[in-house]
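Below, chains carry the letters A, B, ... as their sequence lines are ordered, and counting in each starts from 1.
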There are 4 protein chains.
Amino acid sequence: MSVTGTRPAGRPRSERAEKAIVDATLDLIGEGASVSELSIEAVAARAGVGKTTIYRRWANKEELVGDALATLKAPLPVVAGRTVREDLVAYLDVMRQDSLHVRTRCIMNIAMSDQERHPRLYERFHQTAIEPRRAAMRAVLERGVATGELRADLDVELAMGMLTGTMLWYTKAASHGGALPSPDLASRIVDEALRGFRSAQA
Amino acid sequence: MSVTGTRPAGRPRSERAEKAIVDATLDLIGEGASVSELSIEAVAARAGVGKTTIYRRWANKEELVGDALATLKAPLPVVAGRTVREDLVAYLDVMRQDSLHVRTRCIMNIAMSDQERHPRLYERFHQTAIEPRRAAMRAVLERGVATGELRADLDVELAMGMLTGTMLWYTKAASHGGALPSPDLASRIVDEALRGFRSAQA
Amino acid sequence: MSVTGTRPAGRPRSERAEKAIVDATLDLIGEGASVSELSIEAVAARAGVGKTTIYRRWANKEELVGDALATLKAPLPVVAGRTVREDLVAYLDVMRQDSLHVRTRCIMNIAMSDQERHPRLYERFHQTAIEPRRAAMRAVLERGVATGELRADLDVELAMGMLTGTMLWYTKAASHGGALPSPDLASRIVDEALRGFRSAQA
Amino acid sequence: MSVTGTRPAGRPRSERAEKAIVDATLDLIGEGASVSELSIEAVAARAGVGKTTIYRRWANKEELVGDALATLKAPLPVVAGRTVREDLVAYLDVMRQDSLHVRTRCIMNIAMSDQERHPRLYERFHQTAIEPRRAAMRAVLERGVATGELRADLDVELAMGMLTGTMLWYTKAASHGGALPSPDLASRIVDEALRGFRSAQA
DNA sequence: TTTTAACCGAGACGGTACGTCCCGTCTTTTT
DNA sequence: AAAAAGACGGGACGTACCGTCTCGGTTAAAA
């Protein structure tokens, strides 16, 4: 007599294989392969796995890449919470530091660039990687408004867009020029932005 | 016997063919093909041209796409020059309006996203499409500083990054959500940014 | 303590399964699958059995097919024994009638054709299906020699080869042409052959 | 202005490639591969050719094997024409000698055995390899009847079947037993058969 | 009774070959 | 000499089976 939650018949899927496949995928993306340059055959070879094993789990490349990217937990920095400035600098500096790693850059590229072509992929990336960071930043800003440190009428969404968009644009521009984004970039951006954000009495 | 300025012997290259190839390329990109999904075979077929004719003129896909993108002249908006605010709003609103067209969006994507993979392509796009706009915007800001409308110690480059980056981030976010970026987005961004940029006496 | 002839411990093999497997195999062969086209997966599916259950009993396809073919008992016709002619016609006509059934034809093909590739398979088929018939025919001819109906110096083996080979060749040719082998084929072959086999006084 | 019989535009198909493909196919068949064991990939590799090049010319394996087998010209022995016996022995002995070569045996097997499964293949083999030999043998027998050496009422088709079928059966039996067919086999068969074929006065 | 050993089905595993599509190159006739 | 057509060797696609390997669940002899 079997209980609820009983396993389906047959050999269960190997977690080792699944992990190896996802790792191989991330490795190859990290080495610069785009979604369409990434070959399932290469993933299978690097993972030491048959192609069948991949196709049994994912219907196509896009879904595999989606799951692989979603695997990457964005470890949000813990934030002191003393001043809005400090917290925002901490968040933005994580973005700058991420941009220094080829792997992260490739992953960003793949996730952002193919948005138009692989919308579901972007959707997942958005949910797991972007939205949590946005939520954290939104909390900081709203707390700032609540404490009176920031203007009461601040458009929090717009403020977030300014901070995030500016940092992304800079890291992109820097990586293009071959130069590294300056270490104090985060604080410069935050300082400039806060000029307009702060409440009069602050 | 040939005259000065003589054409080289043999059949001259067909301008029709060249144009047809570039048009086909832009069409296909506009329909959503990425650099790697774009197939030379498809370009040739759509242009009604032999593959040889393409490979005779361009060494590889990247150069073809590069030339095709460079073809697209970015018509800079003429700017009234009355106030910094008006000018910036005008420039940013062009970006917003561009983002409404699928074709422009695809081209942006291809140019921006494959930066890591196709650096020379990005380089050309940068030179022909981005840099002129940056120069125009820089001129507006510097004029603002000169007239005292903006802070004397304003970091012009950082300010440009804030304006451009914010708009790009928003158009991306909007296109992802399926929503159109709000028509007054440009003015809202500029207004928020100018709070910090303006000089005390302004 | 166990008695002689005791069954081994554990669950005994299911006879149902075994029979279902053999039947499925014969069905599929009868439907035209060659040894190499016959897929174990198809056998398992049709028999409603796991692949393991097949591989537990037979080391490979060849052995399975061998056992399956050996299952088919070739029911030798009972022979009147009045004249050599009548008996030979009876034997040969069985071959003709067999050739009318697709299933028999497929089995013949598989057994005969893959002789080079699956020699042991052919060996088994030879032992169970061919040799008994040859023995029967040999007995008829030797009795004919003994009774003086046939030449004393008749090469019995050669005579058998002539009768069997001719009939096989004809049935093959007929099945290829789509035509049925003529109903009096057996008697025509025997009559023609006996012209040379008969003793002078007969 | 183009003349009749002008070649189609584009690069013509390479005869070298075609020959290499057919040769590789025959080699692999000669090494014992059946139609279904024969892999196009192996043919391509051995021929030093892309798979595309094979599939461009043949729709599937069967057609390739068909063309490959049809390539094999059956070089009919020239026949003295003095007596029916001599001529028949010459023809049958060619069959016996053919059976000594593994390659010929494999080709025979593939052509004959897969008759049921690959009827068109067999058809072509029949036309190019079997029918010419049958015609030659028929001519010999009919000449024998005309000269009075053979019975006027001889069933020529049946006689051919007896000779051919017997030889085939023997070579098969011999190759199965591992033994070589005896060198005088052809003459023994012919002698036995002619006993019945000859006219009374002969 | 309770082990316990072998079987059962289902189904995942690493592979090989399939036949298709496109790559970028090469070779031919036509313009 | 360039154009178009199209064949070339190569490589990845996604599918179908291969023969092997776990699994949870019978089944029946041995303890």
Side-chain angles (χ1 to χ4, degrees), chain A residues 1-2 6-14 16-18 36-42 44-45 47-57 59-61, chain B residues 7-14 16-17 36-37 39-42 44 48-57 59-61, chain C residues 1-3 6-14 16-17 36-42 44-45 48-57 59-61, chain D residues 1-2 6-14 16-18 36-42 44-45 47-57 59-61:
Chain A
M1 190 176 306
S2 75
T6 184
R7 276 206 283 141
R11 177 175 177 174
R13 295 193 175 168
S14 153
R16 276 188 40 354
E18 187 133 353
S36 36
E37 282 163 353
L38 180 72
S39 101
I40 296 281
E41 228 143 61
V49 140
K51 273 198 290 178
T52 325
T53 304
I54 298 180
Y55 282 110
R56 195 175 290 120
R57 292 153 200 262
N60 50 53
K61 232 187 298 193
Chain B
R7 282 201 283 141
R11 177 174 174 175
R13 291 195 177 169
S14 151
R16 286 214 336 54
S36 33
E37 282 165 354
S39 94
I40 294 284
E41 224 142 67
V49 140
K51 280 196 287 178
T52 327
T53 306
I54 298 179
Y55 281 111
R56 191 175 294 115
R57 292 154 201 261
N60 50 52
K61 232 189 304 194
Chain C
M1 189 178 302
S2 75
V3 219
T6 185
R7 277 206 279 145
R11 176 177 178 174
R13 294 193 175 167
S14 151
R16 288 214 334 55
S36 32
E37 281 165 355
L38 181 72
S39 95
I40 294 284
E41 222 141 71
V49 140
K51 278 197 288 178
T52 327
T53 306
I54 298 180
Y55 282 111
R56 193 176 292 118
R57 292 153 201 262
N60 49 53
K61 232 188 304 194
Chain D
M1 190 177 306
S2 75
T6 184
R7 275 205 283 144
R11 176 175 176 175
R13 295 196 176 166
S14 153
R16 279 197 17 14
E18 186 133 353
S36 35
E37 283 163 353
L38 180 72
S39 101
I40 295 282
E41 228 142 62
V49 141
K51 274 200 289 178
T52 326
T53 304
I54 298 180
Y55 282 110
R56 194 174 292 118
R57 293 154 200 262
N60 50 53
K61 233 188 297 192

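- Taking side-chain N and O atoms only, B/Arg56 has a distance below 4.0 Å to OP1 or OP2 of F/dA3.
- Going from atom CD of D/Glu41 over to atom P of E/dG15 covers 16 Å, rounded to whole Å.
- Nearest nucleotide to the C/Ala17 side chain, out of E/dC18, E/dG14, E/dC8: E/dC8.
- Atom-to-atom, CD1 of C/Ile54 to C1' of E/dC8 comes out at 13 Å; the value is rounded to the nearest Å.
- Between D/Ser14 and the phosphate of F/dA7, there is no side-chain N or O to OP1/OP2 separation shorter than 4.0 Å.
- A straight line from CZ of C/Arg13 to C1' of F/dA29 spans 17 Å, rounded to a whole angstrom.
- With rounding to the nearest 0.5 angstrom, the NZ atom of B/Lys51 is 8.5 Å from the OG atom of B/Ser39.
- The heavy-atom pair separating D/Ala17 from D/Thr53 by the smallest distance is CB-CG2, 4.2 Å.
- With hydrogens and angles ignored, no donor-acceptor pair under 3.5 angstrom links the side chain of A/Thr52 to the base of E/dG14.
- Heavy-atom distances to DNA chain E give each of C/Lys51 and B/Ile40 a nearest nucleotide, and the one nearer the 5′ end belongs to C/Lys51.
- Between F/dC18 and C/Ser39, a contact under 4.0 Å exists linking OP1 or OP2 to a side-chain N or O.
- One finds no side-chain N or O of C/Arg11 lying less than 4.0 angstrom from the OP1 or OP2 phosphate oxygen of F/dA28.
- Atom-to-atom, CZ of B/Arg16 to C1' of F/dA3 comes out at 12 Å; the value is rounded to the nearest Å.
- Between C/Thr53 and E/dG9 there is a side-chain polar atom (N or O) within less than 4.0 angstrom of OP1 or OP2.
- As a whole-Å value, the separation of A/Tyr55 OH from E/dG15 P is 16 Å.
- Among residues two or more places apart in sequence or in another chain, the side-chain hydrogen bond (donor to acceptor under 3.5 Å, both in side chains) test is passed with C/Lys61 by none.
- At a threshold of 4.0 angstrom between heavy atoms, the contacts of B/Arg57 are confined to the sugar-phosphate backbone, with no base atom among them.
- Taking atom CG of A/Asn60 as the reference point, atom P of F/dG14 lies 7 Å away to the nearest angstrom.
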